[in-house]
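The next block holds one structure in the form of structure tokens; read it before the comments.
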Amino acid sequence: MPNDFVLEVKDLKTSFFVDGVELKAVDGASFQVRRGRVVAIVGESGCGKSVSAYSILRLVKPPGRIVGGRILIHPHSDSTIDITALSEDSDKLYALRGGTVGMIFQEPMTALSPVHTVGNQLAEAIRLHRRQSTQAIDREAATLLGKVGIAAPEQALKKYPHELSGGMRQRVVIAIALANSPELVIADEPTTALDVTLQAQILGLLKSLKREHNLSVLLITHDLGVVAQTADDIVLMYLGRVVEAGPLREVLRNPQHPYTRGLLDSIPSRSERGKPLPSIEGNVPSLKEIPPGCPFHPRCRYAVPGRCDQGLPPPTLALNAEHTVACLRMGEL
């Protein structure tokens with residue numbers, strides 16, 4: 001019987017070693033992705049979202065490396081794979097990348113090669129995982145472009161990335177991620193470089209593809225508007241740690257961590273038109289200057305001196321079976 005989860009990340013720790021100093025980009029993060037669901041990892045820049053995503057496929061380059069934890073993939077057709085236990089040149093790791101797990105990178109112009117046609121890049125993604133004739137691969141590549149909403153796909157295959165619009169380039173990146181029918185797709189800020197109209201189109205495309213192929217999606221974003229439109233579950237990260245996680249609707253209705261409340265309060269509201277937009281004071285500190293105690297306490301309006309600013313970061317506690325929070329004042333606010 002297949003596992004309920006396609007992905008389990010347990011106590012992940014990924015650090016960068018610079019000038020003899022360990023910078024803890026991800027510091028004990030744990031989360032899961034259920035089959036057929038969209039999980040959004042949310043947080044400000046510098047909170048460890050993208051590093052967590054890249055760690056899943058072992059794409060973090062030196063001086064960064066995974067120093068602890070486990071990353072478990074549960075494919076339908078195979079036994080559980082512990083990605084952290086695989087060697088860098090493992091055939092199984094290469095089979096996972098672009099096979100069981102697809103990746104939609106943040107900026108399509110850097111994700112795509114400028115000197116190869118769209119057709120060449122799509123064909124390569126297919127050829128690396130399956131043995132098919134050139135004609136069969138070309139037909140499948142055209143079919144993939146049609147599925148992601150590109151008109152005249154046969155003509156698009158012959159073009160170079162710079163000949164396409166930003167929205168079309170992002171659709172090509174999505175097509176490459178879907179080329180080998182993955183069970184999990186990791187989408188790293190897939191709408192950041194697009195205008196509002198194109199964002200809506202790409203989000204609509206992701207939702208329809210998820211329904212059509214029963215995809216599980218790990219969505220990395222800082223935009224709660226995107227989360228509200230697409231996600232089933234939400235994971236909020238701050239300074240490399242998960243501070244709150246649970247079903248989206250429950251977390252939005254009953255946010256328990258001050259960081260979650262601060263992010264929600266900063267969303268523009270029609271009812272508050274004309275009033276100053278609330279914001280979280282201060283900035284995310286440098287990884288060289290992580291404060292003691294709760295990492296969020298210097299910016300938290302609920303922090304208690306002598307309690308929140310001392311010792312180790314607060315443990316993760318269960319509000320219920322699915323909703324977890326890492327705050328010493330959970331239930332008091």
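With hydrogens and angles disregarded, a donor-acceptor distance shorter than 3.5 Å links the side chain of His129 to the backbone of Arg97. Counting only distance, with no hydrogens or angles, the side chain of Ser30 and the backbone of Asp11 share a donor-acceptor pair below 3.5 Å. In this structure, Arg70 contributes its side chain and Lys10 its backbone to no donor-acceptor pair below 3.5 Å. Side-chain atoms of Asn180 never come within 3.5 Å of backbone atoms of Pro182 as a donor-acceptor pair (strictly under, hydrogens ignored). A donor-acceptor pair under 3.5 Å is formed between the side chain of Lys49 and the backbone N or O of Glu44. Side-chain atoms of Arg58 do not come within 3.5 Å of backbone N or O of Leu93 as any donor-acceptor pair. At distances below 3.5 Å, at least one donor-acceptor pair connects side-chain atoms of Ser216 with backbone N or O atoms of Gly36. Side-chain N or O atoms of Glu183 include one that pairs as donor or acceptor with a backbone N or O of His76 at under 3.5 Å. The main-chain N or O of Ser113 is found under 3.5 Å from a side-chain atom of Gln121 such that the two form a donor-acceptor pair. The backbone N or O of Pro292 sits less than 3.5 Å from a side-chain atom of His297, completing a donor-acceptor pair.
Listed here is the closest heavy atom pair of Pro161 and Leu112: CG-CB, 3.8 Å. Between Cys294 and Pro298, the closest heavy-atom pair is O-CD, 4.3 Å. Listed here is the closest heavy atom pair of Ile186 and Ala53: CG2-CB, 3.8 Å. A pairwise comparison of heavy atoms in Arg261 and Tyr302 identifies NH1-OH, 4.1 Å as the closest pair. Across Leu287 and Ala25, no two heavy atoms sit closer than the pair CD1-CA, 3.9 Å. Scanning both residues, Ile66 and Leu12, for their nearest heavy atoms gives CG2-CD1, 4.0 Å.
Note that CG of Leu57 is 6.0 Å distant from CD1 of Ile83, once rounded to the nearest 0.5 Å. We find the CZ-CD1 distance between Arg171 and Ile104 to be 12.0 Å, quoted to the nearest 0.5 Å. Here His257 contributes atom NE2 and Leu263 contributes atom CG; the two are 10.5 Å apart, rounded to the nearest 0.5 Å. Gln32 contributes atom CD, which lies 12.0 Å from atom CZ of Arg37 (distance to the nearest 0.5 angstrom). Rounding to the nearest 0.5 Å places CD1 of Ile137 at 11.5 Å from CG of Leu144. Here CD of Gln256 is found 11.0 Å from CD of Glu332. Values are rounded to the nearest 0.5 Å.
Side-chain contact check for Phe5 versus Leu72: every heavy-atom pair is 4.5 Å or farther apart. Here the side chains of Phe105 and Thr110 are not in contact, with every heavy-atom distance at 4.5 Å or above. Ile71 is listed as a side-chain neighbour of Leu7, based on a closest heavy-atom distance under 4.5 Å. In this structure, the side chains of Val217 and Leu209 stay at 4.5 Å or more apart for every pair of heavy atoms. Within the 4.5 Å cutoff, no side-chain heavy atoms of Ser286 are placed close to those of Leu23. Pro291 has its side chain within reach of Leu239: a pair of non-hydrogen atoms, C-beta onward, lies under 4.5 Å apart. The shortest side-chain heavy-atom distance between Lys92 and Ile81 falls under the 4.5 Å cut-off. Proximity of Ser55 to Ser52: side-chain heavy atoms (C-beta onward) are nowhere separated by under 4.5 Å.
No chain of hydrophobic side-chain contacts below 4.5 Å, direct or via other Ile, Leu, Val, Met, Phe, Trp or Tyr residues, connects Leu206 to Val227. Val60 and Leu96 fall within the same hydrophobic cluster, where Ile, Leu, Val, Met, Phe, Trp and Tyr residues are linked whenever their side-chain heavy atoms come under 4.5 Å apart, directly or through other members. Leu219 and Ile56 sit in two unconnected hydrophobic clusters of ILVMFWY residues. Membership requires side-chain heavy atoms under 4.5 Å apart, directly or through other members. Following chains of ILVMFWY side-chain contacts shorter than 4.5 Å, one can reach Val235 starting from Val9, so the two form part of one hydrophobic cluster. Under a hydrophobic clustering in which Ile, Leu, Val, Met, Phe, Trp and Tyr are joined whenever their side-chain heavy atoms come within less than 4.5 Å, directly or via other members, Val243 and Leu264 fall into the same cluster.
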Side chain to side chain donor-acceptor pair (under 3.5 Å) for Glu322 and Asn320? Distances and angles first, verdict last. CA-CA 6 Å; Glu322 295 183 301; Asn320 55 46; over 6 Å; no
Report the C-alpha distance between Tyr54 and Asp188 in whole Å, list the side-chain angles of each, state the deciding distance to 0.1 Å, and finish with yes or no for side-chain contact (heavy atoms from CB on, under 4.5 Å). CA-CA 9 Å; Tyr54 279 62; Asp188 183 18; 3.4 Å; yes
With side-chain contact (heavy atoms from CB on, under 4.5 Å) as the test, would you mind laying out the steps for Val101 and Val185 before giving the verdict? CA-CA 6 Å; Val101 183; Val185 170; over 6 Å; no
side-chain contact (heavy atoms from CB on, under 4.5 Å) between Asp233 and Phe31, intermediate numbers included: CA-CA 10 Å; Asp233 305 292; Phe31 53 88; over 6 Å; no
Evaluation steps, side-chain contact (heavy atoms from CB on, under 4.5 Å), between Val284 and Arg299: CA-CA 9 Å; Val284 179; Arg299 306 174 66 193; 3.6 Å; yes
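For Asp223, the side-chain contact (heavy atoms from CB on, under 4.5 Å) partners at least two apart in sequence or on another chain are Gln199, Thr221, Val226.
Hydrophobic clustering, defined by side-chain heavy atoms of Ile, Leu, Val, Met, Phe, Trp and Tyr closer than 4.5 Å, leaves Leu312 isolated from every other such residue.
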Would you tabulate the side-chain donor-acceptor contacts of residues 152-160 under 3.5 Å, counting partners in other chains and residues two or more places apart, or write 'none'?
none

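No salt bridge links Asp19 with Lys288; every basic N to acidic carboxylate O contact stays at or beyond 4.0 Å.
Among Lys207, Lys210, Arg35, Arg249, the one residue that satisfies the salt bridge (charged side-chain N to carboxylate O under 4.0 Å, His left out) test with Asp232 is Lys210.
No more than 12 heavy atoms of other residues, nucleotides or ligands lie within 6.0 Å of CD in Glu281, so this atom counts as exposed by the packing criterion.
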